[in-house]
Amino acid sequence: MTQKIVIEIPLHCAKCKRKILGICTIADGVTSVSFEREGKDRVVIKGEDVDAARVTQCLREKVSKYARLVSVARD
């Protein structure tokens with residue numbers, strides 16, 4: 001069963017975007033990472049058995065203190 005995780009995080013520059021991609025892709029179970037810009041900057045992570053809280057915590061520590069877990073949905 002796959003998960004869709006949405007995390008809201010400010011994207012200031014290309015360096016921030018590369019850091020976010022690096023952190024999200026090395027997490028266990030992640031199959032794809034994409035960005036959405038619908039008024040707010042969001043990262044959409046898809047995969048199986050991904051620890052959403054841990055990924056959000058890593059983003060807070062390494063990129064931005066303002067990373068916020070928006071939703072976790074199962075398909």
Closest heavy-atom contact between Leu11 and Arg37? O-NH2, 4.1 Å
To the nearest 0.5 Å, tell me how far Glu48 CD sits from Met1 CE. 9.5 Å
Measure the CD1-CZ distance between Ile23 and Arg18 for me, rounded to the nearest 0.5 Å. 13.0 Å
Considering residues at least two apart in sequence or located in another chain, which fulfil the side-chain contact (heavy atoms from CB on, under 4.5 Å) criterion with Asp28? none
According to salt bridge (charged side-chain N to carboxylate O under 4.0 Å, His left out), who are the partners of Arg68, at least two apart in sequence or on a separate chain? Glu8
What's the shortest heavy-atom distance between Ala27 and Val55, and which atoms? CB-CG2, 3.8 Å
Under a 3.5 Å distance rule, please check whether Thr25 uses its side chain to pair with a backbone N or O of Leu21 as donor and acceptor. yes
Is there a donor-acceptor contact under 3.5 Å from the side chain of Thr56 to the main chain of Leu69? no
Heavy atoms only: give me the nearest Val70-Arg42 pair and the separation to one decimal. CG1-NH1, 4.2 Å
Would you call Thr2 and Arg74 a side-chain contact if the rule is heavy atoms closer than 4.5 Å? no
Taken to the nearest 0.5 Å, the spacing of Leu59 CG from Arg54 CZ works out to 10.0 Å
Hydrophobic cluster of Ile26, others only, ordered by chain and residue number, side-chain cut-off 4.5 Å: none
For Lys62 and Lys19, which heavy atoms make the closest approach, and how far apart are they? O-NZ, 3.5 Å
Given side chains that start at C-beta, do those of Val43 and Val6 come closer than 4.5 Å, heavy atoms only? no
To the nearest 0.5 angstrom, please state how far the OH atom of Tyr66 sits from the CG atom of Asp41. 15.0 Å
Measure the OG-CD1 distance between Ser34 and Ile45 for me, rounded to the nearest 0.5 Å. 9.0 Å
State, to 0.1 Å, how close Ile9 and Ala67 come at their nearest heavy-atom pair, and which atoms those are. CD1-CB, 3.9 Å
Is any side-chain heavy atom of Val50 closer than 4.5 Å to one of Ile5? yes
